[in-house]
Amino acid sequence: MLSQKMKDALNKQVLMEAQSSQAYLAMGSWAEIQPGLKGVTQFFFRHSDEERMHMLKLIHYINERGGFAVIPALEQPVLTFVSLKSAFEQLYKHEIKVSESINNLVAISLEEKDYATHNFLQWYVLEQMEEERLARDCNDKLEMIGDDKSGLYLFDRDIMTLDKG
Ligand code: OFO
């Protein structure tokens, strides 16, 4: 059985994963109407789906442990970006925030002596490490590319191979 504190904290994470999914969906929609960003578009949409999967995993876990997963209302995400670089910078910042939030959940699970939840959260800890690495890679590459169109072309072509999926 989850403690009230653990339940509330996990439900906050449901919101965060839903917001991530929504934010990457918006990035995908923006990228889709830019010329030549087919690969990036696919990348954002796929990430949005992954975040939804993270959210669902939490929902099922909360409900299976005797809690009630609350489906949250969402604010509209950022819709447009001045550049691809700025979209990826936001993605990276967002992932860092999510990692902090997961770490905080892990701390609460220990405080509450909830070792099942602690164990459940290890998957998210690893996932966040991977997501931060990926976002950092993309940012580093875009930094190197600058305004070079052929660099951007290659970035768009190769981005799906950078992805783990
Ligand atoms: Fe849910 O992994 Fe990123 O945010």
Side-chain angles (χ1 to χ4, degrees), residues 2 5-32 37 39-65 67-81 83-110 112 114 116-143 155-156 158-165:
L2 295 168
K5 186 169 180 184
M6 196 72 256
K7 243 187 289 189
D8 292 346
L10 288 167
N11 265 317
K12 268 204 199 134
Q13 192 62 31
V14 168
L15 170 64
M16 194 150 215
E17 301 293 342
Q19 278 168 340
S20 306
S21 177
Q22 201 76 339
Y24 301 157
L25 195 59
M27 287 178 186
S29 178
W30 171 80
E32 198 163 35
L37 292 185
V40 169
T41 299
Q42 223 187 319
F43 173 88
F44 285 139
F45 281 133
R46 187 203 277 186
H47 262 252
S48 172
D49 286 347
E50 281 183 12
E51 298 300 347
R52 183 179 152 76
M53 186 272 279
H54 300 170
M55 175 189 68
L56 279 173
K57 218 173 148 79
L58 279 160
I59 290 173
H60 296 316
Y61 180 75
I62 296 167
N63 288 336
E64 272 161 19
R65 297 274 330 272
F68 175 46
V70 179
I71 307 307
L74 297 178
E75 273 177 30
Q76 188 162 50
V78 177
L79 299 178
T80 56
F81 305 89
S83 63
L84 186 60
K85 188 162 179 292
S86 122
F88 270 97
E89 277 164 7
Q90 291 195 31
L91 185 144
Y92 184 40
K93 275 196 203 135
H94 187 78
E95 287 304 329
I96 290 175
K97 269 213 307 220
V98 175
S99 297
E100 284 168 5
S101 172
I102 296 288
N103 287 342
N104 185 43
L105 276 175
V106 172
I108 295 174
S109 71
L110 289 176
E112 299 290 293
D114 183 345
T117 301
H118 183 267
N119 188 44
F120 168 77
L121 289 170
Q122 296 314 300
W123 184 86
Y124 286 85
V125 171
L126 287 177
E127 180 69 14
Q128 278 313 121
M129 261 172 58
E130 179 57 28
E131 297 218 330
E132 271 190 43
R133 180 203 59 78
L134 181 60
R136 213 174 26 244
D137 264 17
C138 290
N139 273 286
D140 290 349
K141 287 201 164 61
L142 287 168
E143 181 68 44
F155 179 84
D156 185 73
D158 295 341
I159 187 161
M160 290 312 278
T161 62
L162 274 177
D163 206 352
K164 59 207 144 106

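Values reported hereafter were calculated over all heavy atoms of this structure, with side chains retained and with hydrogens, waters and symmetry mates removed. All ligand and atom numbering here is 1-based and tracks the order in the structure.
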Atom 3 (Fe) of ligand 1 and Glu51: any N/O/S contact shorter than 2.8 Å? yes
Number the atoms of ligand 1 from 1 as they appear, then name those within less than 4.0 Å of a heavy atom of His54, with their elements. 1 (Fe), 2 (O)
If only side-chain N and O atoms count, and only distance matters, is there a donor-acceptor pair under 3.5 Å linking Glu17 with Gln13? yes
If I consider every N, O or S atom in Glu131, which one ends up closest to atom 3 (Fe) of ligand 1? I only need its name. OE1
Below 4.0 angstrom, N of the basic side chain to O of the carboxylate: do Lys85 and Glu89 qualify? yes
Do the side chains of Lys97 and Glu100 get close enough for a salt bridge, i.e. N-O under 4.0 angstrom? no
Is atom 3 (Fe) of ligand 1 less than 2.8 Å from at least one N/O/S atom of Glu127? no
Of all the N, O or S atoms in Glu17, which one sits nearest to atom 1 (Fe) of ligand 1? OE1
Regarding Glu51 and Ser21, is there a side-chain donor-to-acceptor distance under 3.5 Å anywhere? no
Short list, please: which atoms of ligand 1 are under 4.0 Å from a heavy atom of Val98? 4 (O)
Ligand 1 to Ser20, heavy atom cutoff 4.0 Å, flagged ligand atoms 4 (O)
How about CE on Met53, more than 12 heavy atoms from neighbouring residues, nucleotides or ligands closer than 6.0 Å, or not? yes
No-hydrogen, no-angle side-chain donor-acceptor test under 3.5 Å, Thr117 and Arg65: yes
Short N/O/S contact of Glu50 with atom 1 (Fe) of ligand 1 (below 2.8 Å): no
Below 4.0 angstrom from a heavy atom of Gln128, which ligand 1 atoms are there? Numbered from 1 as shown, please. 1 (Fe), 2 (O), 3 (Fe), 4 (O)
Electrostatic pair Arg136-Asp140, nearest N-O below 4.0 angstrom: no
Does any N or O of ligand 1 fall below 3.5 Å from an N or O anywhere on Glu95, backbone included? yes
